[in-house]
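I have placed the structure first, in the form of structure tokens, so that the comments after it can refer back to it.
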Amino acid sequence: MSDKYVELARETIEHYVRSGEIIDVPDGLPDEMLKEQAGAFVSLHRLGRLRGCIGTIQATQSNIAKEIISNAISASTRDPRFRPLREDELKDLEISVDVLGKAERVSSLEDLDVKRYGVIVTKGYRRGLLLPDLEGVDTPAQQIGIALMKAGLREDETDFILERFEVIRHT
């Protein structure tokens with residue numbers, strides 16, 4: 001059985017890449033996608049390699065469906081690490097959607113589990129996030145180091161706010 005979250009991301013990306021137009025929220029989605037708000041990340045892989053990943057830490061849209069539509073377009077066309085997705089790449093695209101739970105502040109590595117929790121580091125206006133359960137990320141120290149780098153902070157920084165969050169991953 002296919003997942004409605006991933007189906008929505010795929011439909012959004014395929015339509016946008018082919019036409020340049022943003023789809024309307026389709027009928028037949030589960031109530032939680034239409035009534036709840038949450039941050040969400042859309043991750044794209046092609047031929048086993050990352051091809052785009054963009055998301056929001058907190059809701060920026062009126063519902064999860066709109067959050068997925070917005071972030072699917074951004075992941076496929078606006079991730080600064082990659083050129084925009086081309087139509088000939090669509091057939092090889094693997095998509096996952098992570099819906100973020102509420103972030104909670106933590107004080108030590110003992111409060112983290114790389115398989116269960118993602119992390120957010122914040123210092124002033126700089127912020128970096130790393131999703132949980134990523135291949136090659138095996139320790140909380142690695143996870144925090146990558147999040148610090150994404151925030152533009154040095155790995156030896158110590159005076160940052162550390163938060164953890166859980167996700168529901170749709171594949």
Side-chain angles (χ1 to χ4, degrees), residues 1-10 12-13 32-33 36-61 64 67-68 70-85 89 92-171:
M1 187 168 138
S2 61
D3 183 287
K4 292 290 189 186
Y5 292 73
V6 173
E7 280 180 19
L8 177 59
R10 183 173 298 282
T12 298
I13 291 166
E32 71 264 13
M33 291 178 75
E36 294 177 17
Q37 291 181 288
F41 274 73
V42 176
S43 300
L44 311 177
H45 285 82
R46 183 172 174 269
L47 306 175
R49 300 183 67 152
L50 184 65
R51 185 60 181 84
C53 181
I54 297 280
T56 45
I57 294 173
Q58 297 168 323
T60 63
Q61 303 291 325
I64 292 172
E67 202 80 34
I68 292 168
S70 174
N71 292 336
I73 290 169
S74 292
S76 62
T77 63
R78 298 186 191 117
D79 186 326
R81 299 168 292 182
F82 303 97
R83 59 181 165 56
L85 198 66
E89 295 176 289
D92 300 317
L93 207 56
E94 296 171 24
I95 301 170
S96 64
V97 176
D98 289 301
V99 179
L100 278 61
K102 205 167 231 25
E104 60 183 358
R105 205 164 172 165
V106 295
S107 55
S108 76
L109 293 179
E110 287 73 44
D111 296 326
L112 300 177
D113 175 340
V114 297
K115 297 293 184 201
R116 180 175 178 189
Y117 298 111
V119 296
I120 303 167
V121 297
T122 306
K123 181 176 181 179
Y125 64 90
R126 293 178 173 198
R127 202 171 208 192
L129 176 145
L130 197 66
L131 294 169
D133 200 16
L134 297 177
E135 189 176 324
V137 181
D138 302 314
T139 67
Q142 280 180 300
Q143 198 178 34
I144 292 169
I146 294 167
L148 285 167
M149 183 182 69
K150 290 175 95 174
L153 299 170
R154 296 185 325 273
E155 205 164 327
D156 62 355
E157 293 276 350
T158 56
D159 58 339
F160 57 86
I161 295 168
L162 177 61
E163 296 172 288
R164 71 180 184 187
F165 60 91
E166 292 182 281
V167 302
I168 297 173
R169 180 162 292 156
H170 299 268
T171 57

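Just so it is clear, the values below take in all heavy atoms, side chains as well, and ignore hydrogens, waters and symmetry mates. Along the sequence shown, residues carry numbers from 1.
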>> Which residues pass the salt bridge (charged side-chain N to carboxylate O under 4.0 Å, His left out) test with Glu36, not counting sequence neighbours?
In response: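 Listed in chain order: nothing, the list is empty.
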> Does the pair Asp111 and Leu162 meet the rule for a side chain to side chain contact (heavy atoms under 4.5 Å, CB included), with working shown?
Replying inline: CA-CA 10 Å; Asp111 296 326; Leu162 177 61; over 6 Å; no
Looking at every heavy atom in both [X] and [Y], which two are closest together, and how far apart are they?
X      : Y      : value
Gly118 : Pro132 : N-CB, 3.5 Å
Ile161 : Arg105 : CG1-NH2, 3.4 Å
Ala59  : Ala38  : CB-N, 3.6 Å

> Would you find a donor on one side and an acceptor on the other, under 3.5 Å apart, between the side chain of Arg169 and the backbone of Asp133?
Replying inline: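 Pair found, side chain donor or acceptor close to backbone of Asp133.
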> Do side-chain atoms of Gln37 reach the backbone of Gln61 as a donor and acceptor pair under 3.5 angstrom?
Replying inline: yes
>> Just verifying a value: how many Å separate Met33 CE and Lys4 NZ, rounded to the nearest 0.5 Å?
In response: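 Reported value, rounded in 0.5 Å steps: 9.0 Å.
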>> Working to the nearest 0.5 angstrom, can you tell me the gap between Leu109 CG and Gln143 CD?
In response: 9.5 Å
> Can you name the one residue among Thr56, Thr60, Thr12 that meets side-chain hydrogen bond (donor to acceptor under 3.5 Å, both in side chains) with Asn71?
Replying inline: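 It is Thr56, the one option of Thr56, Thr60, Thr12 that forms the side-chain hydrogen bond (donor to acceptor under 3.5 Å, both in side chains) with Asn71.
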> Quick one: do the Glu104 and Tyr117 side chains pair a donor with an acceptor below 3.5 Å?
Replying inline: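 Side chains of Glu104 and Tyr117: no pair found under 3.5 Å.
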>> Salt bridge or not between Arg10 and Glu7? Use side-chain N to carboxylate O under 4.0 Å.
In response: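 Result for this pair is no, no salt bridge flagged.
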> Which is it for Arg51 and Arg83 under the side chain to side chain contact (heavy atoms under 4.5 Å, CB included) test, yes or no, and what are the steps along the way?
Replying inline: CA-CA 9 Å; Arg51 185 60 181 84; Arg83 59 181 165 56; 2.7 Å; yes
> What do you reckon, is CD1 of Ile168 surrounded by more than 12 foreign heavy atoms closer than 6.0 Å?
Replying inline: no
>> Are more than 12 heavy atoms, taken from residues, nucleotides or ligands other than Arg49, located less than 6.0 Å from that residue's CZ atom?
In response: no
